[in-house]
Every structure is written in C-alpha cells, then in structure tokens.
Amino acid sequence: MVSEGAAISRTRAERAEVALASLMAAPATPDRLRRVLEQALVFAGASFAGVYTPCDDPALLRLAESAGLPRTLYGLRDGYPATGASPVAEAHRTGRPLWLGPAELADGPDARRTPSPDFSVAVLPLGPAGAGCLVAVGEHPGGFGTDDRSCLELIARSIAVPVPTAVGDAGELPEDAFRLAMDSGRVEVGDTILRLFGIDRQDFDGRVETLLGRTVPEDLPALMSVVEADHMSIGDRELEFRILQPAGQPRWLRLRGRLLPGGEGRPAKLVGTVADASTLRSDVTDVARVQRLAAALATAGTVRDVGQAVVAALRKPLQADRIALAELENDRLVVTVLDPPEPEAWPAVWRSEWRTEWPDAPVRSMPTLAAALREGRARIWPAGSPLEPALAEVGPGGLAVLPLPAGGRMAGACLIGWDRPHDFAPDERALLTACAALTGQALLRAHAFDAEHELVGMLQRTLLPRRLPRLPGAVAVARYLPTTAGLEVGGDWYDVIPLADHHVALVIGDVQGHNAGAATLMGQMRTALRAYAAEGHAPDVVVAHANRLLLEMETDLFATCAYVDVDMEQGTAWCVRAGHLQPVLRHPDGTVEILQTEGGPPLGVLAQAEFPMTPLRLQPGTVIALTTDGLVESADADLDAGMDRLARELAATDPAHLGLVADALLTGAHRGDDVALLLMRYDGMAVRPLRESWSVWRVPEAVRHARRFTRRTLRAWGLPRDTIEEALLVVSELVTNALVHTGGPVRLDMSLVNHRLRLAVADSSPRSPVKPTSIGWEATGGRGILLVEAVSAAWGTVPVSGGKQVWADLVPSG
C-alpha cells in the first residue's frame with residue numbers, strides 16, 4: 001500500500017493557503033491570531049509559533065500571541081529590545097527572514113536552555129521592516145524543509161493585526177471576557193461570566209477570590225496555576241473547571257487566557273474569556289485538537305503522562321475503539337498505554353495474563369509495523385487490509401500506525417484502531433501526521449526523565465517475583481512503583497508462596513532506607529521468609545525465624561512485614577504482623593474493614609520478640625489488600641487518613657477485574673516513597689479435597705494399624721479395589737521406612753483432590769530417602785522406594801518443620 005504521507009506532503013502548502021484564506025475571510029474574533037498561528041503546528045510541523053510586535057514602548061518587542069508548547073522550553077522570552085542582537089530584533093529591523101539551524105543556534109546566548117540539539121528556529125518579518133515578526137520552533141533533524149518554509153511564509157503574510165484590544169489594556173470589556181491584575185488580584189468581568197458563576201453585578205466585590213470560592217475544590221489547584229503569574233506563559237493556557245451550583249451537578253466552564261506583561265509602572269494582566277463548556281460546539285477543528293494536544297504534552301512529565309495525553313486528545317474525537325502507545329527500545333516495543341485497559345480488548349501480543357508493568361513485544365513479530373517504523377511515515381490501512389493478526393485485531397475496521405520521530409530516531413509508535421469500517425478523510429490524515437511529530441518530541445523529553453527512574457525500578461524488580469503463581473481458588477496481583485523523589489533503590493517487597501495442603505502465604509514488607517543496602521537486605525529477607533515458609537513452619541515461627549536472622553546479620557537496618565497464611569480449602573487465614581500496616585479486607589457485599597490484628601515489633605529490633613497470630617475468616621469474593629506506607633502516608637497526609645482513603649477507594653472498585661482494582665488504587669499515589677501493593681481475591685475451591693490423618697505409634701503392629709486405617713478410609717471414599725491395593729503397598733513401605741530409619745513421631749496423611757490420591761508420611765528426620773542405583777539378589781533392603789516409584793504416578797520429598805514428608809501420588813483407574 002502506498003503511504004499517504006507523500007500525498008499530504010505534496011499538497012501541504014496549497015492546503016495551508018486554503019485554511020488561512022478561510023480563517024481570514026471569517027468575521028474577526030479575539031482568537032483569530034492564535035488560530036492562524038496554530039496552522040504552523042499542523043502544516044509546518046512546528047512545536048511553537050509566536051508573534052512579536054512593538055508595544056507601547058517602541059524600543060521593546062513583546063510576545064503578543066503564541067500557540068503550541070510553552071516558550072520557556074526553548075529559552076524564548078516575553079520581550080526583546082528592538083535594537084538588540086537577538087534574531088527577533090534583527091528580523092524586525094531588517095525585514096529579512098532568518099532560518100537558524102542547530103549550528104547557528106549552538107553559539108547563541110540561550111543555547112544551554114534548549115531541550116535538544118535538533119531544534120531549529122524560523123524568524124519571519126510581518127510585512128515591511130518594523131512591523132514585528134513571526135517566530136516558529138521545530139525539532140526536526142535538518143530544520144524546516146522547503147514545504148515547511150512555504151507554509152510559514154504564507155502564515156507570516158496572513159498576520160496583519162496583533163493582539164485584539166477588546167480584552168487588552170483598554171476598551172470596553174466583552175460580556176464573556178475578564179481582565180485580572182496580577183499584583184492586586186482585582187478582576188474585571190463581563191456580565192456573562194457573572195451569570196455563569198451565579199453572582200449579581202451589585203453583589204460582586206471585584207476580587208478574584210470571590211470567583212475562586214465557587215470552584216469545586218478538586219479543580220482549584222489547576223485554576224490557581226492559571227491565576228498565579230509564576231506559572232503562566234503567554235498564550236498557552238486553556239482549561240476546563242467546575243463551579244458549584246445551588247442545586248444539581250456542578251457546571252463545567254472553559255477558560256482561555258493569556259498573560260500580558262506589564263510595562264513601566266503597570267502590572268502584568270491576565271486576560272481571556274470564560275464560556276459554558278456544555279454549550280460549546282462539539283465539532284472541534286483539527287487545528288484546535290493539535291493545539292490542545294500540544295498544551296497537554298507541555299505538562300507531561302513522564303512517558304505514561306504523554307500516553308494519557310495522546311489518548312485524551314485523539315480517541316474520542318476520532319471515535320476510535322482503541323489506542324496503543326509504545327516506546328521503541330532496540331527491537332522491542334515497550335507498551336506505555338493501552339486504552340481501553342481491559343486485556344480482552346487486545347490481541348495476545350499486546351497483553352499479558354499478569355503484569356507489574358505493561359508487556360513488551362518484539363517488533364519482528366509484526367513485519368508490517370516494522371516496515372512502517374523503518375519508513376518513518378504514517379501508514380493507514382482501511383477495513384479488510386491483509387495484516388498479521390496482532391495488527392488486524394487492533395483495527396478490523398481500519399488501522400492507523402503513527403511512527404513517532406524525535407531526535408533523529410524513532411521514539412516509538414502509536415496505533416489507532418476502529419472496529420467498524422472507518423473512512424480516512426485527508427484532513428484526518430494530516431491531523432494524525434501532525435500529532436505524531438508532537439508526540440515523538442514529547443516522548444523523547446519524557447523518556448529522559450523516566451530513564452533514570454526506570455533504571456532504579458529495573459534493579460528493584462529484579463529482586464521481586466517476575467510472575468505470581470496460579471492459586472487454587474484465588475487470584476492475586478501485585479504492583480510496585482519506585483519513588484520519583486530520588487534515584488535510590490528502596491526496600492519494599494512482596495511475595496506469594498504456595499504451600500502444602502492448598503495453603504498460600506501472602507507476604508509484604510518494607511526495609512528501612514533507600515539505598516543499595518536496603519535493596520540487598522530486602523532480597524535476603526524475601527528469600528529467608530520463602531525458605532522458612534516452605535519448611536512448613538507456622539506463620540508466627542516463620543516471622544520469628546526471620547527476626548532472628550536479621551538480628552544475626554548485624555545490620556543497622558530494620559524491616560516491617562505482614563505475613564498472611566491462607567487455607568484455600570477452609571477459607572480461613574492466620575495473620576502475623578511485625579510493625580507493618582494492617583491488612584484491609586473488602587467483603588463480598590462491598591463493605592471494607594481495616595483489620596485490627598495483633599502485632600509484634602519490626603524485624604531486627606528485639607531478640608525475644610513475640611509475633612502473635614490473629615485468625616481471619618474469608619468468604620468467597622473477599623479481597624485482601626496488603627500495602628506499604630508509601631501508598632497511604634506522605635508529608636501532607638497522615639497514616640490514618642491514608643488508610644481510610646484506601647478503604648474508600650477499595651470499596652468503590654469492582655473486584656471482578658483485580659488488575660484494574662490495583663491500577664485504580666495506585667492512581668494519584670504520592671511518589672515520595674516506594675509503593676508495593678498486593679491484592680488477593682479469595683474465590684473458594686470448586687472441589688474441596690477429602691483429607692484424613694493417622695498418627696503412627698511405635699508399636700509392633702504399627703504398619704498393620706496404618707494399613708487398616710488406609711483401607712477403611714479409601715473404601716469410604718469409594719476408590720476402586722486395585723487402587724486400594726496399590727495404596728496399601730505404598731503405605732506399608734513409607735511407614736516402615738519412617739519407623740526403621742528415624743526416631744520421633746510419624747504421621748500418615750491422605751488426600752483425594754480431583755481424582756488424584758496423595759499418600760504422605762512425615763517424620764522428624766531431615767534426611768531424604770535415596771533411590772538405590774542397583775540392587776543385587778542378596779540385598780536385604782533398598783527395594784521399598786523402587787516399589788513406591790513403580791506403582792505411583794509421582795513421588796518426592798519436602799522439608800516439614802525440621803523433618804521431612806515423603807509423598808506419592810496415585811491416579812485411580814476408571
């Protein structure tokens with residue numbers, strides 16, 4: 001299929017000319033200049049476009065309007081002296097355009113403030129010398145191409161009038177406009193704005209705090225970032241917020257504003273408009289979509305933030321059914337965002353059954369995608385196009401693949417898919433191309449921030465379980481988030497340990513400190529707890545052994561830990577805490593309980609510490625949540641408030657999708673500390689095993705008693721006669737070996753699970769039986785284990801509380 005990118009490139013200047021003519025022919029509006037500048041983002045691939053014009057002081061060129069990313073990212077200023085040596089002043093004085101690439105800008109005074117070595121600047125005069133100039137910034141390797149320059153020249157010729165005076169320093173104020181003095185907080189507002197806020201003109205005191213007081217509290221921080229001068233840059237702010245109403249739902253309003261720098265003796269002013277967001281037309285132009293995406297990407301600090309901004313900007317306007325954003329690392333795509341997040345909405349290569357982070361996939365498994373990335377151009381496939389399943393299932397009704405270029409390489413790819421046949425209009429294709437360029441540049445900037453923290457997270461995750469085991473009658477998921485406050489490794493850990501007799505141990509802990517020592521100690525404690533649990537010790541003994549080990553290591557660090565041993569058959573559990581947070585239970589009816597279990601001191605503090613066990617009862621559908629303090633405690637929120645918040649959020653989730661529950665609980669997590677989260681939903685076993693035990697006494701008739709108990713039990717379970725005879729042979733050999741070769745108590749355990757019979761004999765000796773390599777005719781021993789192996793489907797030995805258990809499985813015939 002021929003790429004549409006070339007066709008778009010050949011007609012770009014003509015399409016820009018048509019768009020500009022349409023804008024200039026329409027009645028003048030206060031935002032027309034900005035809409036003209038937005039054409040530079042779409043047709044010239046610019047990241048920023050702004051107009052500098054003479055102000056009241058003819059010796060100063062002031063930024064009148066801008067579009068795209070904030071000017072501060074590129075070291076641009078609010079104003080330049082008209083007689084200075086800046087490129088802005090030179091183009092203004094001479095009337096000649098300047099095309100400055102990386103080489104010319106490297107020696108400039110603001111070179112150290114620019115984000116990458118590939119950016120370039122175009123400065124074009126607005127008509128004759130002295131009329132001001134247009135400034136455009138791009139991040140394409142090689143600078144602005146021929147078509148880009150033609151589009152920018154068209155835009156410069158179309159700009160005739162700078163900032164409208166309707167909401168500037170003078171003139172009558174339109175009904176939907178406002179002027180805010182940044183030094184005093186006094187604000188002039190039109191009648192329409194007062195009606196939206198529900199305030200009578202005679203009752204309004206002219207203070208901006210009066211308007212802010214009507215705002216929904218959750219939206220106030222975003223609104224304050226606009227009305228505080230330190231956070232504003234000219235012409236780049238648009239947001240929606242809610243105001244409270246006397247009755248009914250809050251009303252959504254949309255604010256658009258720009259900061260006008262003050263002159264001699266005059267304060268800076270924020271001017272703009274406020275409108276009812278519900279009455280705004282829904283057919284937003286492609287240019288506006290690009291501008292909104294650029295504004296969102298300007299505040300995207302991480303790769304995930306970039307992905308979420310792309311989804312918000314494109315999925316709903318394009319009526320797409322799914323969007324995937326992935327970074328390209330060597331030959332693998334590391335998926336950053338899948339929207340929708342439900343695994344069943346995606347082909348297998350884009351999802352995983354369990355994850356701590358999003359999955360990754362080799363590019364070579366999708367040759368069509370690999371070819372699009374090599375070409376570096378947007379590719380579109382309509383419904384019915386022959387594609388490999390991993391791509392065809394993303395967009396059966398149409399698929400768009402956007403390579404994301406940045407810094408001379410491919411930063412990743414964005415996939416947009418439709419389920420129903422989708423017609424790709426030329427304007428839509430241009431929108432996708434423009435968005436790809438902006439996204440690639442933002443992805444590269446965010447990746448520099450994420451890379452350092454990902455290095456820390458990678459080191460941490462190597463010490464954590466890569467996958468959680470399948471559990472009988474339950475589902476478990478875990479999440480780990482490294483802190484973003486620094487680059488030190490933390491000591492948070494979690495584990496899920498399958499034990500004998502359908503028991504499962506849930507473990508979560510936190511080692512004091514954020515350094516390599518804490519991470520190393522975390523790995524040692526996780527391994528020790530797993531080893532003690534596998535030996536068959538009771539929960540309090542497991543934690544006590546870990547405490548003794550930590551004390552013997554002679555470290556200055558201590559650790560907190562919560563250990564929950566769950567009996568999957570009975571729906572019961574024992575909880576042991578060592579200075580850790582309480583578990584949280586979400587009951588099947590949706591109520592949530594912060595447990596008040598007994599606890600001991602942190603590990604590594606007291607040699608003679610006691611760790612009491614607290615019993616728990618679990619009904620099918622119960623969710624157990626274990627977390628570390630990074631999720632519920634911060635400098636701004638105490639522990640109790642954080643636990644209450646966690647309980648409320650857990651109550652509001654749907655436990656049917658436990659992975660989504662974990663993601664929801666981590667939303668908005670304070671990243672000043674590591675966060676570990678472990679969730680388990682107890683469903684109950686579909687088939688409960690049959691179990692019986694027999695304590696073997698050391699008497700001459702011990703084996704005969706064990707055989708009689710075995711025969712009576714297996715007959716009651718309804719097993720066939722031949723299976724019973726095989727079981728009697730195994731029991732005879734295992735009990736005899738235990739009595740002859742060990743001392744202390746001996747116990748016989750039998751269980752029937754899913755038509756599989758397990759016979760197990762436990763004794764106090766840690767030595768495992770050894771199968772002989774050969775037996776002569778004169779040998780008097782060693783045949784027992786060979787007989788057990790011959791009649792059983794499998795056999796083995798496991799450590800149990802200082803001793804061992806030898807087991808053998810039989811599969812009844814029929």
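Owing to the predicted nature of the structure, the values given are computational and were not obtained by experimental measurement.
Using a 4.5 Å heavy-atom cutoff, the side chains of Leu714 and Thr723 are not in contact. The shortest distance between side-chain heavy atoms of Thr614 and Arg577 does not fall below 4.5 Å. Here the side chains of Val806 and Asn737 are not in contact, with every heavy-atom distance at 4.5 Å or above. In this structure, Met553 and Leu521 have side chains that are in contact, with non-hydrogen atoms separated by less than 4.5 Å. Counting only heavy atoms from C-beta outward, the side chains of Thr653 and Leu660 never approach each other to under 4.5 Å. Contact annotation: the side chain of His705 never approaches that of Val696 to less than 4.5 Å [non-hydrogen atoms, C-beta and beyond]. The side-chain heavy atoms of Pro601 and Phe611, taken from C-beta on, include a pair separated by under 4.5 Å. Cys561 places none of its side-chain heavy atoms less than 4.5 Å from the side chain of Met525.
Without hydrogens or angle criteria, Trp346 side chain to Pro340 main chain gives a donor-acceptor distance under 3.5 Å. Between the Tyr682 side chain and the Met568 main chain, a donor and an acceptor come within less than 3.5 Å of each other. Between the His587 side chain and the Gly621 main chain, no donor and acceptor come within less than 3.5 Å of each other. Under a 3.5 Å cut-off, the side chain of Arg681 and the backbone N or O of Val475 do not form any donor-acceptor pair. Side chain of Arg698 to main chain of Gly744: a donor-acceptor pair is present (N/O by atom type, distance under 3.5 Å, no hydrogens or angles).
By the 4.0 Å N-to-carboxylate-O rule, Asp749 lies too far from Arg691 to be salt-bridged with it.
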Kindly determine whether Arg758 and Val753 satisfy side-chain contact (heavy atoms from CB on, under 4.5 Å), including the steps that lead there.
CA-CA 8 Å; Arg758 169 160 292 192; Val753 184; over 6 Å; no
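The minimum heavy-atom distance linking Leu606 with Leu551 is given by the pair O-CD1, 3.5 Å. For the pair Ile497 and Arg530, the tightest heavy-atom approach, listed with the atom from each and the gap, is CD1-CA, 3.7 Å. The shortest non-hydrogen separation linking Phe558 to Leu603 is CB-O, 3.3 Å. Here the closest non-hydrogen pair linking Gly509 and Thr628 is O-CG2, 3.6 Å. Heavy atoms only, all atoms of each residue included: Leu665 and Leu650 are closest at CD2-N, 3.8 Å. Annotation for Asn547 and Val605: closest pair OD1-N, 4.0 Å, computed over non-hydrogen atoms.
The number of heavy atoms from other shown groups lying within 6.0 Å of CZ (Arg617) is above 12. In Arg767, the CZ atom is not crowded: 12 or fewer heavy atoms of neighbouring residues, nucleotides or ligands sit closer than 6.0 Å. Within a 6.0 Å radius of CZ in Arg715, no more than 12 heavy atoms belonging to other residues, nucleotides or ligands are found.
Residues that satisfy the side chain to side chain contact (heavy atoms under 4.5 Å, CB included) test with Trp574, not counting sequence neighbours, are Pro539, Met613, Pro615. By the side chain to side chain contact (heavy atoms under 4.5 Å, CB included) test, Asp567 pairs with His503, Glu569, Gln570, Thr572, sequence neighbours left out.
Contacts classified as ring-ring contact (aromatic ring centres under 6.0 Å, His included) and involving residues 707-743 (residues at least two apart or in different chains) are given here: Trp694-Phe709.
Interatomic distance, OG1 of Thr797 versus CG of Asp763, reported as 8.0 Å (0.5 Å rounding). Here the CD atom belonging to Glu726 is positioned 10.0 Å from the CG atom belonging to Leu757, to the nearest 0.5 angstrom. The OG1 atom of Thr527 sits 9.5 Å away from atom CE of Met522, with the distance rounded to the nearest 0.5 Å.
A salt bridge (charged side-chain N to carboxylate O under 4.0 Å, His left out) with Arg526 is found for exactly one of Asp510, Asp495, Asp492, namely Asp495.
For the residue pair Asp589 / Thr591, a side-chain donor-acceptor distance below 3.5 Å is found, with atom types taken as modelled.
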